[in-house]
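Worksheet for the structure shown next.
Here the structure is a predicted model, which is why all the values come from computation and not from measurement. Note on naming: letters A, B, ... go to the chains in the order of the sequence lines (proteins, then strands), and numbering restarts at 1 for each one.
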Amino acid sequence: MNNSGPRYKRSQLEKRLNTDVLWCVALLIVMCLTASVGHGLWLNNFKDAGFQVDGETSPALAGFYVFWTMIIVLQVLIPISLYVSIEIVKLGQIYFIHNDLDFYNEQQDSRIQCRALNITEDLGQIQFLFSDKTGTLTENKMVFCRCSIYGVEYPHVENARRLQVYEAEQNEAAGRTVTLKSACSGKSLSCRSLSCNHSSVSLHTLTAESLEEDQLSGHAAVRTGAFCSRMAKDVVPDPELVRKLSCLSSSALHLKGSSSASLSGLELTYITDFFLALAICNSVVVSSPSQPRHMVPEARAPLKSLEEMKLMFQRLSFYSFSPLQIKGSPRSFTSKLFTRGKTSSFTFNTPPNNSTDGSDPALECSQDTCKLKTKVDLPDRGDREDSAAMSSGEDLESLMEIKADGVKQNLEGMGGDEESEEDIDDELLYEAESPDEAALVHAARAYHCTLRGRSAESLLVDLPGIGSLVVQLLHILPFDSNRKRMSVVVRHPVTGQVVVYTKGADSVIMDLAETQKGSEQAQEIYSHIREQTQKHLDTYAREGLRTLCIAKKVLEEEEYEVWLKRQLLAESSIENQEELLLDSAQRLETDLTLLGCTGIVDRLQEDVPETIEALQEAGVKVWILTGDKQETAINIANACKLLRSSDRLLSANCGSRDACGALLEELLSEVQHEEEREESSLDSTSSFILVIDGRTLEWALQEELKGSFLELSCKCKAVICCRSTPLQKSKVVQLIRDKIGVMTLAVGDGANDVSMIQVADVGIGISGQEGMQAVMSSDFAISRFKHLKKLLLVHGHWCYHRLANMILYFIYKNVMYVNLLFWYQFFCGYSGSVMINAWVLILFNLVFTSVPPLIYGILDQDTPADTLMKLPELYGASRTTKVYIPFMFWINMLDAFYQSLVCFFLPYFALAGSDAGTLSFGSPINTSALFIILLHQVIESNTLTWIHMLVLVLSAALYFGFVQLYSAFCVACSHPTNLFGVETLQITQPLFYIICTLTTVAALLPRILFRALFNSLHSSAPLRSAQRDEVAAERYRQRMKLWNLKHSGASSPQVHADNPGLEPIEDEVVS
Amino acid sequence: MMASSYNAKEEDGPHSGSSTHGGTGAAKNKKPDNTAFKQQRLPAWQPILTAGTVLPAFFVIGLIFIPIGIGLYVTSNNIKEFEIDYTGLELGSPCHDCSKNFTWNSTTPCVCALNFTLEQPFESNVYMYYGLSNFYQNHRRYVKSRDDRQLNGDPTSLMKPSKECEPYRTSAETKEPIAPCGAIANSLFNDTLELYYIEPNGTTTEIHLAKKGIAWWTDKHVKFRNPVNDKENLTELFKGTAKPVNWRKPVYELDPSDPENNGFINEDFIVWMRTAALPTFRKLYRIIHKKPSTTSTLPSGRYILKVTYNYPVHSFSGRKRMILSTISWMGGKNPFLGIAYITVGSICFFLGVVLFIIHHKYDTRSNSADIPN
């Protein structure tokens, strides 16, 4: 899509490390040069001395040789093994991140996926977080929430309450598998709550049931349909709408339609069309667990006995041969019903003659007997037959008796009907391309407008009061992002007309459904509807709902023929097929009649506001980059506490570049002015939130305006980019990353976030509803947004500290050890001799002191996890007072120099002039170096577990074991530095211990002193928090509890129905 | 909860983790184990170094180090040591002539005698060292120039010494392999030192200098060995090898007085072969054992050091010394360690006091100030 190929991500720390390694190289060269020059000069003093092996070599040449000898001797200074160690440490860190229980998602049975192994520590340095909205902040589980038809709003209060109930339930039983359920059990919540009208009761039955179900049908999870959460499925119908819809069925029974006195026929038509559109205008695939998908279900009509077959055929013939008598009356009613809408829009077209109607079943009969059978056979839902039976009087009484209950229930209300119906019915699974579609289909189903099946050419739909209908599918004009809508062309099952149902983004549909032909009155009514719907749309958007508009259009046969030709031409053309298809679709989707709109809630994920709040406290700037509408984006920002009531909203929407430039300037000056004012008044309460739309962003990202956009956005607390394209998202991230030079993190779940994820320093994919693209391109894949909090605040912090400290320690270790050899050069004529056995020299870094730094880098915790979670400021604090900065590097270098000086010269003075041999001299030096290096780590460690202890003890033991065995048994090995007898003798000598103790203590003194003084005098936040961890945390918690108690009474308990996160803004809790 | 079993649970067992699923869905359960190790909740000791916590350690170190330092210092002071330089570069020195005339190849030994006085008697065993200054026995090329296998008595190495010995591998004239080969052996210290006590009555008695026991036991018995052969005679054993260039005698005639002390196991040779760490060094030469009868090994009084001056140090402007020393449990005389211990101990103690002040001034205040209101 917008992929630019994966970028090799290298952590900031590693880049910084490289410069320090270069310093080490420089140091090495300086050392070697010193030695070579020294050797040359030293050699000048001697002529044929006894210890000179070959006196002929000129001092200059000898110096040159020594340079290279020294390079080899001191090469440990260049920490090549550091790179390996870093990789191992990162692997260990990844292991712990991967195993963190808090990142486990029970519902998906998924852990965090760490796809990038080399940027763990960057998690601790994030300064900008770019978040997608849909699926990242929100669940991307679309739940039908409310709708507006014929300009009348149906708020679905029950439904909203149900959503809350789910919320509570989920929070309560967070550990249990609740949402993702395969089986749409027949005893759905919708009917429960309707029948008993008490949602709390239904909740209990539900939980019990769900548990039971979970245990029983764990296997069914495999067949879980996409976007088939129970929550999305079970929509509680709005009672008002149900009443109106029931008018349809009742009026179907009492032909005269007298019962619907309050309900105009036109509205009823709208409603029916609306739900029909919801049910069929999609690409949902229906399947049931017992059946393969893509099949029109026939399970409900299993092949019965021959007897029944006969009966069925009888009935069929009955239908087809006497259409006027049997079918005529209900048809006439329904056709009347459906054409009533047209009477206003079109000059009354004579409804398609009965022959067309009649051809419907006949045609089907020829097509597929199964379908027909399904359609006709089902007694309890053959509403058409019901009505037929009713209308045609007593001659079909026997038939009526068979399905007496069904009819009765029909009369009583939909709920009861549904219950009995669904008991028989086995589950239907809807697999939709997008969650919105699924939500709408489920919504329609709640109103008994059930999509039963789909084949290539027809759809099977239940309609309330009418029954199962086969809708002949003529065309699907699939959704594309340019048109922002999709349409289906069907032959209307009742009227037989060719009807186009269009579903799409409100802006588009509202434009297309601008005017309406027809009488003045009809136009008036229509414009009223349009106005009202627009109003509702605005309300929905403000509430953060995703809005869709539904519209229809009735095509004349001739019109259709004309269009069909073009369409077929377009379909068959090879060149420009896409353009032609688009053109053709656009030709069709004109002069639409607006039916209504829907509001789908995409609920916030749990703990999103808390996470964002914590991240902001941690000094991470959170930006939202979304493709959604401005209102929706702002609302979500509001809901997730990105936006507070005290914040000032700066919105940037403009049409041209110049305007954009001017606007940015203006906003900037406003912000600056405000800042100055606040500085003078000394109370900075409000902060700015910039809301910028895609078009303006396009201008703002251009070269000339980049600067002011950057300046402005940096002054804002948060930036919300709405209506932005994937490319813009990545451009924004790139701009911030490159121009400010900070660590950026992008989090998203969909394919449209891929480029952003790739561009950011750390890309996080949310494995959710929208496939794997984001996950595949991410560095870390999490399942919930809330996981970010711990990932950054705890693991990021830890990883950075661990790695930074480990690197510093590693470099220190090398410098310290190598310097010992360097100091010796001053006493051996700069000849490159060593006083330590060659093998010990090699193994010292490789074995004896290699594991402790790794353990240190993997396990160290500078601050406990609880504290880091509780005090997000620590994240920001640790970012500003970085561990791995040049200062710390040089401090460590200095310490390494000091320690090596002590470690060399104390033994030197202790043994100077004595009869100590080379290796006897090296032995206490090496031993104390080992102790110093190991104990240095103990000082530097923030936590010591038994693993640390074990490793430290093992390292020391290994060293002693090795040298002892080596010096005891290896008589003539490792030629110039034969250790034989040296170490075994050393450990019997008190002097050895005396020297080692003195050296170790003296070498570590400054470090201990520095630490102690630093910790005592400098009130560093992490230490403070660690100190007060036990005592204060408890106190803090108690105070919080008290505070909550006090405020819960005062603050209004009313939570926003759709976005429970949208609570009244609270004061900052004392930190 | 399951912290007790953390180490046993490192493997992802299907049985571990959640128990809610029972047996059915356990196979694909990816839930991480709730172990203290995996959840990074291992019980940990948090060494937060503050003035308050470090303070006792400083006092303790101070309190331990100062007595040790005093002990070391006293011990070191009790060690008696006498040193006399006999390089003979100065005009008035008895060895001046010898040092001037000397070359490696002179055949006539030059003998000089130095008088010295011991102010204090030396009790217990006295160790006699020779000391060299500015002699870089640790030079890289020099240190390498030996063949440990040959010295260990390996017959093949005896006849074919290691290449490391170049240019002291084979003799220039006869092309025979040199035994012992290499620069270290070649530069063997070959001055002979004799000590005479001038008794108060004027008679001089030679003091017996023990040659045995100056080398490490392991060196004498394991590391250095004469080539093993059926021939008894060392002369026969070393037949076909040449003596090092600078040597006057072959290796099997190093100690004419004791046949057991010849060949590679000559203790003087062994001591020399253990290269010194620093350019100024001493090497054990002889031991003067304490006689049970007399009160002191070396009574105070006048002595004569008779030097057979063979070893040239002029070329590297080195110096030669003779050192007499008693030793203690901590080795030779070295006041440095005692002073160092006392210094470090005092510093620690002082810092302890400073930290104590800081602790009371800052730590308590900041702790109380930190409590949020």
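Counting only heavy atoms from C-beta outward, the side chains of A:Ile994 and B:Trp329 approach each other to under 4.5 Å. Counting heavy atoms from C-beta on, the side chains of B:Met330 and A:Pro990 never come closer than 4.5 Å. At a threshold of 4.5 Å between non-hydrogen side-chain atoms, the residues A:Phe980 and B:Asp148 do not count as touching. Residues A:Thr997 and B:Tyr341 form a side-chain contact, since some pair of their non-hydrogen atoms from C-beta on lies under 4.5 Å apart. Counting heavy atoms from C-beta outward, A:Arg1011 and B:Val54 have side chains that stay 4.5 Å or more apart. Residues A:Val834 and B:Arg140 have side chains not in contact (no heavy-atom distance under 4.5 Å, counting atoms from C-beta outward). With contacts defined as side-chain heavy-atom distances shorter than 4.5 Å, the pair A:Leu991/B:Leu337 qualifies. Between A:Phe96 and B:Phe37 there is a side-chain heavy-atom pair separated by less than 4.5 Å.
Rounding to the nearest 0.5 angstrom, the gap separating the OG1 atom in B:Thr280 from the CZ atom in A:Phe827 is 10.0 Å. Rounding to the nearest 0.5 angstrom, the gap separating the CZ atom in B:Arg149 from the SG atom in A:Cys973 is 8.5 Å. Between the CG atom of A:Leu1009 and the CG atom of B:Leu351 there is a distance of 5.0 Å, given to the nearest 0.5 Å. Atom CG of A:Asp915 and atom CG of B:Leu278 lie 11.5 Å apart (nearest 0.5 Å).
A:Thr977 does not touch chain B: none of its heavy atoms, backbone or side chain, sits under 4.5 Å away. Only the backbone of A:Asn942 comes within contact range of chain B, with at least one heavy atom under 4.5 Å from a heavy atom of that chain. Only the side chain of A:Tyr824 comes within contact range of chain B, judged by heavy atoms closer than 4.5 Å. Interface remark: A:Val971 contributes backbone and side-chain atoms alike to the contact with chain B (heavy atom separation under 4.5 Å). For chain B, the nearby part of A:Ser914 is the backbone; its heavy atoms alone come within less than 4.5 Å. Of the two parts of A:Leu919, neither the backbone nor the side chain holds a non-hydrogen atom closer than 4.5 Å to a non-hydrogen atom of chain B. Proximity to chain B is limited to the side chain of A:Leu985, based on heavy atoms less than 4.5 angstrom apart.
By the 30° and 60° cut-offs, the orientation of the rings of A:His39 relative to B:His139 is tilted.
Listed for the A:Ser833 side chain is a donor-acceptor partner under 3.5 Å among the backbone atoms of B:Asn138. At distances below 3.5 Å, at least one donor-acceptor pair connects side-chain atoms of B:Arg282 with backbone N or O atoms of A:Gly913. Judged by distance alone, the side chain of A:Asn99 and the main-chain N or O of B:Pro32 form no donor-acceptor pair under 3.5 Å. With hydrogens and angles ignored, the 3.5 Å screen pairs no side-chain donor or acceptor of B:Arg274 with any backbone N or O of A:Gly917. Here the side chain of A:Gln861 pairs a donor or acceptor atom with the backbone of B:Gln40 at under 3.5 angstrom.
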